[in-house]
Protein chains: 2
Amino acid sequence: MSTSERVPGEARPGGRTARNRDAVCRATLLELANHGYAALTVERVAERAGVHKTTVYRRWGGVDGLIVDALQFAVDDDWQPWLGGAVEDNLLELARVALRSFTDPETGPTHTAVVAAAFQSDEAINAVHDFFADRFGRSSRIITVATERGELPAGTDPLSVIRAVMAPIYFRLFISRESVSDDDIQQAVQAALAAARAGVFVMESISGE
Amino acid sequence: MSTSERVPGEARPGGRTARNRDAVCRATLLELANHGYAALTVERVAERAGVHKTTVYRRWGGVDGLIVDALQFAVDDDWQPWLGGAVEDNLLELARVALRSFTDPETGPTHTAVVAAAFQSDEAINAVHDFFADRFGRSSRIITVATERGELPAGTDPLSVIRAVMAPIYFRLFISRESVSDDDIQQAVQAALAAARAGVFVMESISGE
DNA sequence: AAACTAATGCGATAGGAGTTGCGTTTGTCG
DNA sequence: CGACAAACGCAACTCCTATCGCATTAGTTT
């Protein structure tokens with residue numbers, strides 16, 4: 001009863017099954033880009049993908065499942081942060097790219113939809129959590145490198161700095177619903193760096209010295 | 001055509017109309033607390049409030065309208081931040097109260113629902129925006145007072161500091177979906193204060209010196 | 001290529017959300 | 001107290017979402 005979980009689409013990876021997953025994910029992304037999260041329905045996705053709606057319900061369960069899978073489908077697995085300049089410049093670039101990914105009319109609605117879906121389904125929560133853990137983990141190299149160069153105090157927690165940079169942007173976008181200017185981004189970077197230089201993000205050496 | 005907007009419930013404030021609004025708002029809050037945002041339906045709210053569902057649809061339009069009105073209904077208009085200690089302590093208290101309002105099983109689901117509703121309706125967006133503008137405006141006194149006491153640089157923008165404190169908390173709660181500990185709160189406060197002391201939030205004097 | 005089975009297509013159907021028309025109740029004002 | 005209008009209750013109806021049983025297609029295996 002533990003290994004008998006049915007996961008449609010994994011037992012027969014070749015041919016039509018894979019093609020359908022591709023078509024459905026693309027259709028989901030297009031529907032999100034055109035009509036937004038609130039208007040996303042299983043039927044329209046199915047029709048656009050040239051697939052029967054029953055198939056979608058069976059394989060993806062519903063709208064939330066579609067969004068989660070579309071995220072994993074659309075994610076760029078090879079993404080890496082830019083490391084070519086000073087910390088400040090690398091963080092600025094990081095924040096600007098992130099903001100653009102939510103304001104760009106092509107990718108924005110999709111990413112926004114995933115954040116929204118996390119309010120309705122636990123799967124989406126996990127998907128979002130894992131996505132940010134992955135991206136922030138990669139982004140932390142910016143801080144690691146900077147620390148090695150002596151630009152930041154030794155022992156600075158990379159993830160804390162990245163979060164401090166990104167949090168105000170996401171906060172304005174999705175919580176307080178304020179507009180986000182480039183000045184705001186610069187301020188977020190400067191604030192995070194000031195805190196980092198002051199040693200606020202230095203990790204406690206728990207396991208001895 | 002400009003002043004003829006129908007706003008049911010405002011033309012006849014006495015008696016049943018007001019009672020119904022009260023009952024419906026209470027029912028909405030209870031439903032949210034018990035079943036969450038995703039399970040909130042007009043019919044259940046109507047039944048719980050002892051009101052016909054048609055009435056709810058007519059006066060509130062739907063689920064989003066219910067949530068928006070329930071927010072305004074539940075908001076404490078007399079709220080003021082605590083100003084009794086040092087900046088650091090006042091900000092800590094502020095952040096802890098905010099976090100609690102989202103994790104408390106009684107008020108949490110409601111507040112979370114409002115944030116979630118903002119992903120689906122423009123009215124909710126405005127409601128959330130106004131709510132935060134109001135609360136942050138009041139909270140900024142913490143910074144104003146501290147600046148006058150010389151704890152922070154002259155010209156520090158109060159709202160920026162408040163946002164810097166709160167953003168990481170909301171970010172973890174609703175975006176990256178990480179848990180929020182008291183250490184995280186302390187770190188957020190320390191980071192915001194370090195940036196403020198470094199002058200990152202000092203406003204540019206635009207209109208002359 | 002023949003047998004086997006996962007995956008899909010199709011129609012029917014239940015169930016809920018939201019709307020509409022109409023009669024009734026209930027504040028409000030003369 | 002009586003007239004007027006706002007707000008409400010009620011029932012029927014439409015539309016959409018989601019599910020189910022069964023026939024068919026298409027990958028996989030031998």
Side-chain angles (χ1 to χ4, degrees), chain A residues 3-28 31-32 35-69 113 116-117 120-121 123-124, chain B residues 3-28 31-32 35-69 113 116-117 120-121 123-124:
Chain A
T3 57
S4 65
E5 296 175 3
R6 297 291 323 107
V7 182
E10 284 190 1
R12 190 172 287 193
R16 185 173 56 172
T17 300
R19 274 199 311 277
N20 280 345
R21 193 239 175 183
D22 198 82
V24 168
C25 282
R26 290 181 195 280
T28 301
E31 280 293 318
L32 283 174
H35 308 293
Y37 169 72
L40 188 73
T41 83
V42 171
E43 300 213 28
R44 299 182 64 163
V45 169
E47 188 185 9
R48 180 164 221 156
V51 163
H52 202 267
K53 67 171 182 175
T54 314
T55 301
V56 177
Y57 278 113
R58 275 195 281 246
R59 282 185 61 177
W60 285 273
V63 175
D64 293 327
L66 281 176
I67 290 176
V68 170
D69 199 36
Q120 304 213 344
S121 102
E123 296 177 63
Chain B
T3 57
S4 65
E5 295 174 5
R6 296 292 320 105
V7 183
E10 284 190 0
R12 191 172 284 191
R16 185 174 56 171
T17 300
R19 273 198 312 276
N20 281 345
R21 193 238 177 184
D22 198 82
V24 168
C25 282
R26 289 182 195 281
T28 301
E31 280 293 318
L32 283 175
H35 309 293
Y37 169 71
L40 188 73
T41 85
V42 172
E43 299 213 27
R44 299 181 63 163
V45 170
E47 188 185 10
R48 181 165 220 155
V51 164
H52 202 266
K53 69 169 182 174
T54 313
T55 300
V56 177
Y57 277 114
R58 276 196 279 247
R59 281 185 61 177
W60 286 272
V63 175
D64 293 328
L66 282 176
I67 292 177
V68 170
D69 199 36
Q120 303 213 346
S121 103
E123 295 176 63

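The figures here come from the full heavy-atom set of this structure, side chains too, leaving out hydrogens, waters and symmetry mates.
- One finds no side-chain N or O of A/Asn20 lying less than 4.0 angstrom from the OP1 or OP2 phosphate oxygen of C/dA7.
- With C/dA7, D/dG9, D/dT17 as the choices, the nucleotide that has an atom nearest any side-chain atom of A/Thr17 turns out to be C/dA7.
- Between C/dT8, D/dT19, D/dC8, one nucleotide has an atom nearer to the side chain of A/Lys53 than all others, and that is D/dT19.
- Between B/Tyr37 and B/Ala117 the shortest heavy-atom distance is OH-CA, 3.9 Å.
- Where A/His52 and B/Trp60 meet DNA chain D, the nucleotide closest to each residue was compared, and B/Trp60 sits on the side nearer the 5' end.
- Spacing between atom CD of B/Glu47 and atom C1' of D/dC10 amounts to 15 Å, rounded to whole angstrom units.
- With rounding to whole Å, B/Glu43 atom CD is found 5 Å from C/dA17 atom P.
- Between A/Val51 and B/Leu40, the one whose closest nucleotide on DNA chain C sits nearer the 5' end is A/Val51.
- Minimum interatomic distance between A/Trp60 and A/Asn20 (heavy atoms only, all atoms of both residues): CH2-O, 4.3 Å.
- Nucleic acid contact for A/Thr54: base, since at least one base atom lies under 4.0 Å from a heavy atom of the residue.
- The distance from atom CG of A/Asp64 to atom C1' of D/dA18 is 14 Å, rounded to the nearest whole Å.
- Side-chain proximity of B/Arg59 to D/dT19, D/dA7, C/dA17: nearest is D/dA7.
- Across all strands, A/Arg44 comes closer than 4.0 Å to no nucleic acid atom at all (heavy-atom distances).
- Distance check: B/Leu40 CG to B/Thr28 OG1 gives 6.0 Å after rounding to the nearest 0.5 Å.
- Side-chain contact between B/Arg21 and B/Asp69 is present, with at least one heavy-atom pair separated by less than 4.5 Å.
- Taking only side-chain nitrogens and oxygens, A/Arg19 comes nearer than 4.0 Å to OP1 or OP2 of D/dG27.
- A side-chain donor-acceptor contact under 3.5 Å links B/Arg59 to the backbone of B/Thr17.
- Between A/Arg21 and the phosphate of C/dA7, there is no side-chain N or O to OP1/OP2 separation shorter than 4.0 Å.
- OP1 or OP2 of C/dG9 lies within a sub-4.0 Å distance of a side-chain N or O belonging to A/Thr55.
- Side-chain atoms of A/Arg58 come within donor-acceptor range of the base of C/dG9, with a qualifying N/O pair under 3.5 Å.
- You'll find that the side chain of B/Tyr57 is closest to C/dT19, out of C/dA7, D/dA18, C/dT19.
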